[in-house]
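Working notes, beginning with the structure itself.
Keep in mind that the numbers below use all heavy atoms, side chains included, and drop hydrogens, waters and symmetry copies.
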Amino acid sequence: MIDENGPHYFVAFQSPGPNWTPGVQYNAQPGFFDHVGYMTALHEKGLTILSGPWMRKAGGLNGVLDDGGMTIFKAADFEEASKIATDDPTVKSGLLNVEVKMMWVPFHG
């Protein structure tokens with residue numbers, strides 16, 4: 001059944017920024033662990049629903065990572081969501097670009 005008043009979440013699409021080093025795997029990029037620390041803090045605050053990198057081949061760290069990733073998270077409104085996404089130190093440093101979109105969830109469990 002469609003939930004006409006379903007929840008809204010925000011989706012951050014992270015992609016290589018101007019300071020991304022081409023040919024270097026995502027988790028080997030300079031400053032990558034600043035991103036991991038920031039995402040860990042969001043998770044510990046209960047703000048993230050799902051978050052992770054794009055993959056070329058499944059297998060987690062034994063797979064093949066692709067460039068960029070995505071995070072689905074909670075925020076009060078679009079302005080707060082944009083602030084959360086752009087406060088990522090790797091967005092501030094230019095390692096990553098980020099685009100935020102609001103998502104209405106009419107189908108959920």
Do Val105 and Ile49 share a hydrophobic cluster (ILVMFWY, side-chain heavy atoms under 4.5 Å, transitive)?
yes
Would a single hydrophobic cluster contain both Tyr9 and Val11, if residues Ile, Leu, Val, Met, Phe, Trp and Tyr are joined by side-chain heavy-atom contacts under 4.5 Å?
yes
Classify the ring geometry of Trp54 against Phe13: parallel below 30°, tilted from 30° to 60°, perpendicular beyond 60°.
parallel
Any heavy-atom pair between the side chains of [Y] and [X] that's under 4.5 Å?
X: Leu65; Y: Met55; result: yes
X: Met39; Y: Thr48; result: yes
X: His108; Y: Pro7; result: yes

Got a sec: does the NE2 of His43 have more than 12 other heavy atoms crowding it under 6.0 Å?
no
Report, as yes or no, whether the 6.0 Å neighbourhood of atom CG on Asp77 holds more than 12 heavy atoms from other residues, nucleotides or ligands.
yes
[atom2] on [Y] to [atom1] on [X], rounded to 0.5 Å:
X: Met103; Y: Ile72; atom1: CE; atom2: CD1; value: 5.5 Å
X: Ser51; Y: Tyr38; atom1: OG; atom2: OH; value: 11.0 Å
X: Glu79; Y: Ile84; atom1: CD; atom2: CD1; value: 12.0 Å
X: Leu42; Y: Asp88; atom1: CG; atom2: CG; value: 8.0 Å
X: Thr71; Y: Leu47; atom1: OG1; atom2: CG; value: 11.0 Å
X: Met70; Y: Ser15; atom1: CE; atom2: OG; value: 13.5 Å

Is it true that a side-chain atom of Gln29 and a backbone atom of Leu95 form a donor plus acceptor pair closer than 3.5 Å?
no
If you look only at pairs with a residue in [range], which of them pass as a salt bridge (Lys or Arg N to Asp or Glu O under 4.0 Å), with sequence neighbours excluded?
range: residues 25-42; result: none
range: residues 51-65; result: Arg56-Asp66
range: residues 96-109; result: Glu99-Lys101

Are Tyr26 and Phe32 near enough that their ring centres are under 6.0 Å apart?
yes
For [X] versus [Y], what's the shortest heavy-atom pair and its separation?
X: Ala12; Y: Val98; answer: CB-CG2, 3.8 Å
X: Phe33; Y: Asn27; answer: CE1-O, 3.8 Å
X: Pro18; Y: Asn97; answer: CD-OD1, 3.7 Å
X: Trp104; Y: Asn5; answer: NE1-C, 4.4 Å
X: Ala85; Y: Val91; answer: O-CG2, 3.7 Å

Test side chain to side chain contact (heavy atoms under 4.5 Å, CB included) on Phe107 and Asp3 and set out the steps.
CA-CA 6 Å; Phe107 300 98; Asp3 182 352; over 6 Å; no
